[in-house]
Participant: 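Input: one structure, supplied below.
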Protein chains: 2
Amino acid sequence: MRDRRAERREATKAEILDAAWELVRAEGLATLSLRDLARKVGMQAPSLYSYFESKHAIYDAMFLQGNLELLRRYEALPEFDDPVDEFRSNARLFVGFTVEDPARAQLMFMRSIPGFEPSAETYGVAVRIVERGRERFKKLGVTKPEHFDLWTGIVSGLAFQQIANEPDTERWTRLADEAVDMFLGHINTKRGRAK
Amino acid sequence: MRDRRAERREATKAEILDAAWELVRAEGLATLSLRDLARKVGMQAPSLYSYFESKHAIYDAMFLQGNLELLRRYEALPEFDDPVDEFRSNARLFVGFTVEDPARAQLMFMRSIPGFEPSAETYGVAVRIVERGRERFKKLGVTKPEHFDLWTGIVSGLAFQQIANEPDTERWTRLADEAVDMFLGHINTKRGRAK
DNA sequence: CGTGAATCCCTAACAGCGTTAGGTTCTACG
DNA sequence: CGTAGAACCTAACGCTGTTAGGGATTCACG
């Protein structure tokens, strides 16, 4: 039989998280206050503690949601005949994910909440995302680990640069595509020389 | 005649900022509290307000110091015969600057203090640093503005990646050098094709 | 030298924060 | 219908940045 209580509880948790995302998107990540959040869902601040054990736990749940969403998108990427297309779509996916919600990116990729450390579960998903990328890279023939670091550095660098200034989609896609060309050009040259 | 009062005042301001840097390096950027800071210089918290009009003003002064230091280092770079060396030393300078004091980098390059906006003066120095880079780029034959953005994206991306993990100097210098090779290879290829 | 002004630093306090303690109201099941 | 427990409340604690206002020290000047 359905546990209606548990269902309602989960629904309320989801409602709190939705409200938190809204506030965070509107007012900024670190500006989020439990009293504001509680008011938005029609509660008093301490009542939130029956759903989350702390403010950090809320951030953690949001972090987890963000990671799951990002992983989902990576896994939803179509298969490409040309590896160049795969690199391109990967880069665009990440920069797009960052630009479309800078507060989320700040939570997930910059360590901008003072004492916050993600839980093991949340961290696990983040690791899975990176591992997935590493594996795809291997299958595409990029085997040196430094090249993966170079890649993540470039892509995240472009992403953060975009949210630092006012991001312009047409502009950053062009930049991202050029970065991909640059990167692939580089590793192909090295392969060429190695032969 | 010397204005002893003004001198003492400036000395105290400097002392406060030094203490702030120490606390920030030890405990983190956002963890800095005025009461802790005041205690470290032997005052009560409200007394700080006769030297800085707010906590943000302290961050701003630190931001300014950081920018002046970075500009100073850029200007202290020796002239190189080979442009490759100039790119290399530029990249190493920035990543090194970031890695040696992550809290400072967080203050200067990531927007991690909630309501903080740099003053016009502070912002001006930051702009001068970027402009200086742009000019050097032009003189070295890199004229397309997108290529400058690509460059700053790559370099800052690598820098932030390093402070996110535990930075290893030997490792990041290698990565930075390879990134420079990649970047120069890319723009040279494009120039070659264009001819 | 004495005096007025300016500077320096203090205590007390306010509103907001995350959080804890403890109590009340509602709800769903035996 | 009675009762266990979930859901939510109010009050309060210690922290934060910040303001108000007062006492002590220091300096320049008549």
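Chain identifiers are assigned alphabetically (A, B, ...) following the order of the sequence lines, protein sequences preceding nucleic acid strands; residue numbering begins at 1 within each chain.
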Participant: Round to the nearest Å and state the distance from A:R39 atom CZ to C:dG16 atom P.
Facilitator: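 Rounded to whole Å, this separation is 10 Å.
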Participant: Out of B:V41, B:T12, B:I58, which one pairs with B:L17 under the side chain to side chain contact (heavy atoms under 4.5 Å, CB included) rule?
Facilitator: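 Of the listed options, the one satisfying the test is B:I58.
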Participant: For the residue pair B:Y74 and B:F97, is the inter-centroid distance of their aromatic rings smaller than 6.0 Å?
Facilitator: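 Between B:Y74 and B:F97, the centre distance exceeds or equals 6.0 Å.
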Participant: Members other than A:F80 in its cluster, when Ile, Leu, Val, Met, Phe, Trp, Tyr link by side-chain heavy atoms under 4.5 Å?
Facilitator: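 None, because no other hydrophobic side chain comes under 4.5 Å of this residue.
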Participant: For B:I113 and D:dT16, what is the distance between atoms CD1 and P respectively, to the nearest whole Å?
Facilitator: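 Rounding to the nearest Å, CD1 of B:I113 and P of D:dT16 are 15 Å apart.
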Participant: Counting only side-chain nitrogens and oxygens, does B:R9 get under 4.0 Å of the OP1 or OP2 atom of C:dT7?
Facilitator: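 No, because none of the side-chain N or O atoms of B:R9 sits under 4.0 Å from OP1 or OP2 of C:dT7.
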Participant: List the steps and the verdict of side-chain contact (heavy atoms from CB on, under 4.5 Å) for A:M110 and A:F160.
Facilitator: CA-CA 9 Å; A:M110 303 154 158; A:F160 298 163; 3.7 Å; yes
Participant: Rounded to whole Å, how long is the line connecting atom CZ of A:R8 with atom P of D:dG5?
Facilitator: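 The answer, rounded to whole Å, is 18 Å.
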Participant: Knowing that exactly one of B:T98, B:V95, B:D101 qualifies, which makes a side chain to side chain contact (heavy atoms under 4.5 Å, CB included) with B:I163?
Facilitator: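 Among B:T98, B:V95, B:D101, the one meeting side chain to side chain contact (heavy atoms under 4.5 Å, CB included) with B:I163 is B:T98.
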Participant: Taking DNA chain C as the partner, which of residues 44-58 of chain B come within under 4.0 angstrom of it by heavy atom?
Facilitator: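 Contacting residues: B:Q44, B:P46, B:S47, B:Y51.
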Participant: Taking atom CG of B:D82 as the centre, does the number of heavy atoms from other residues, nucleotides or ligands within less than 6.0 Å exceed 12?
Facilitator: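 Yes, the 6.0 Å shell around CG holds more than 12 heavy atoms from other groups.
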Participant: Main chain of A:S112, side chain of A:Q106: is a donor-acceptor contact present, judged purely on distance under 3.5 Å?
Facilitator: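 Checking the backbone N and O of A:S112 against the side chain of A:Q106, no donor-acceptor pair under 3.5 Å is found.
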Participant: Figure out the CE/C1' separation between B:M43 and C:dC10, and round it to whole Å.
Facilitator: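 Going from CE in B:M43 over to C1' in C:dC10 covers 11 Å.
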Participant: In this structure, how many angstroms lie between the P atom of D:dA6 and the NZ atom of A:K13, rounded?
Facilitator: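 Atom-to-atom, A:K13 to D:dA6, this comes out as 14 Å.
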Participant: Could you check whether B:R104 makes a cation-pi contact with B:F63, meaning its NZ or CZ is under 6.0 Å from the centre of the six-membered ring and within 45° of the ring axis?
Facilitator: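 No, B:R104 does not sit over the ring of B:F63.
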Participant: Identify, residue by residue, the members of residues 21-37 of chain B with a heavy atom below 4.0 Å from DNA chain D, and return them in order of residue number, or none.
Facilitator: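 Heavy-atom cutoff 4.0 Å gives B:L32, B:S33, B:L34, B:R35.
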